[in-house]
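Structure first, then comments.
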Amino acid sequence: MIIVFKANASQKQKAQVEDYLIKHDFEYHPSQGKEQAIYGIIGDTASLSPEFFKVFDGVSDAFRVQESYKRCSRAFHPLNSKVKINNITVGGNAIAVIAGPCSVENHDMLNTISKNVVKMGANMIRGGAFKPRSSPYAFQGLGEEGLVYLREAGDKYGAPVVTEIMAISDIPLFEKYVDVIQVGARNMQNFALLKELANLNKAILLKRGISATIEEWLNSAEYLASKGNQNIILCERGIRTFEKSTRFTLDLSSVPVIKKKSHLPIIVDPSHPMGQRDLVIPMARAAIAAGADGIMVEVHNKPDEALSDGPQSLYPKQFKDLMKEIEIIAGALGKTIAKS
Ligand code: PEP
Ligand code: MN
């Protein structure tokens, strides 16, 4: 249920509504818009009638939220929400650029790539330490050792680090080493994992599932938000379709759709859907043009020797050129590139 107050509603009028809600065990989430205050009500709202609230002094409207993802819906929180990670704010006017290798392969390669990408303007570093590989015989990541290297690179180059979690039992490690915990496409509907992550205060990057609808994706985000974690960033990474020319079909239409349905920031990973580095660049540009709050791109200093996703990893020089291009595109939209 949403209660919309009149622009001139007094504190006393709001308090009357609040008192009623508290007395009847409802949680309410005030959200101050440019003119009006909006209260999102959580609880067994089936027993409440919008008509009942409409007659309170100071209330201009009351209605039910149709979506099952209430806390993540735009109706619940009309203004864009912003996720702060150290000096970076995702969801505001500054574009987040997360760059780095697919996997953390060893200390020196991560150090070299991190140094390069941060120098070229990336504001967060990525790299997988626990890798979800289709084959059990493929490189599975360095585990905790990889997290240690990521933390070292993040601290050395002054950029937050983003990496994927796969198991609930690894949460303490991620709390210790990581700034943004990524939930990968394959775990988007791992509800047991989402429920545990919902208890944390850390920022969570929730990738879209390989065959997930936007509604399913937002419902997964709702699991994270349901216990109050508001630090959620969505990441479009392509969906499986009949098209075979690319690894996945990058559904950039999800960017404006998410912006309409939800207040959460959304970034785009053009690397995993496109699968080849020459195809990644145009879609990275397109993501910014479509209104994404950031991009996440795989970059490798020696892609031919990469232990995973070499063909889609950009050479550092390509990343440098891309940064210049997206700065221009962001500028055309009145945005800048965030600085870590
Ligand atoms: C990744 O970003 O490293 C990754 C494995 O991506 P996805 O979960 O989107 O496949
Ligand atoms: Mn990868």
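Nothing here was measured: the structure is a model prediction, and the numbers come from that model. Indexing begins at 1, ligand by ligand and atom by atom, following the structure's order.
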Ligand 1 to Ala185 polar contact by distance, N or O atoms, under 3.5 Å: yes
Per-atom contacts of ligand 1 with Gly184, taking only distances under 4.0 Å to non-hydrogen atoms: 8 (O)
Shortest protein heavy-atom distance from atom 3 (O) of ligand 1, along with the residue and atom involved: Arg126 NH2, 2.8 Å
Pairwise ring-ring contact (aromatic ring centres under 6.0 Å, His included) hits with a residue in residues 73-118, at least two apart: His29-Phe76, His77-His263, His107-Tyr149
Contacts of Arg71 that satisfy salt bridge (Lys or Arg N to Asp or Glu O under 4.0 Å) - sequence neighbours left out: Glu27
contact_flag Lys131 ligand 1 heavy-atom lt 4.0 Å: yes
Within-2.8 Å protein N/O/S contacts of the Mn ion (ligand 2): Cys102 SG, His272 NE2, Glu298 OE2, Asp309 OD2
Atoms of ligand 1, numbered as shown, that sit under 4.0 Å from any heavy atom of Arg186: 7 (P), 8 (O), 10 (O)
Arg237 neighbourhood, listing ligand 1 atoms whose heavy-atom distance to it stays under 4.0 Å: 7 (P), 9 (O), 10 (O)
Side-chain hydrophobic cluster, 4.5 Å single linkage: members besides Ile3: Met1, Phe5, Val17, Tyr20, Leu21, Ile22, Phe26, Tyr28, Tyr39, Ile41, Leu48, Phe52, Phe53, Phe56, Val59
Salt-bridge contact Lys324-Glu327 (side-chain N to carboxylate O under 4.0 Å): no
Exceeds 12 heavy-atom contacts within 6.0 angstrom, atom CD of Glu243: yes
Of Trp217, Tyr69, Phe191, the residue whose pairing with Tyr223 passes ring-ring contact (aromatic ring centres under 6.0 Å, His included): Phe191
Lys259 with Asp293: basic N within carboxylate O range, under 4.0 Å: yes
Flag, side chain of Lys260 to backbone of Ser262, donor-acceptor distance under 3.5 Å: no
Identity and distance of the protein heavy atom lying nearest atom 6 (O) of ligand 1: Lys207 NZ, 2.8 Å
Partner of His300 by side-chain hydrogen bond (donor to acceptor under 3.5 Å, both in side chains), out of Glu305, Arg277, Glu105: Glu105
Residues Asp309, Arg247: salt bridge by 4.0 Å N-O rule: yes
Ligand-residue contact atoms, ligand 1 with Glu164, heavy atoms, under 4.0 Å: 4 (C), 5 (C)
N or O contact, Asp269 vs ligand 1, cut-off under 3.5 Å: no
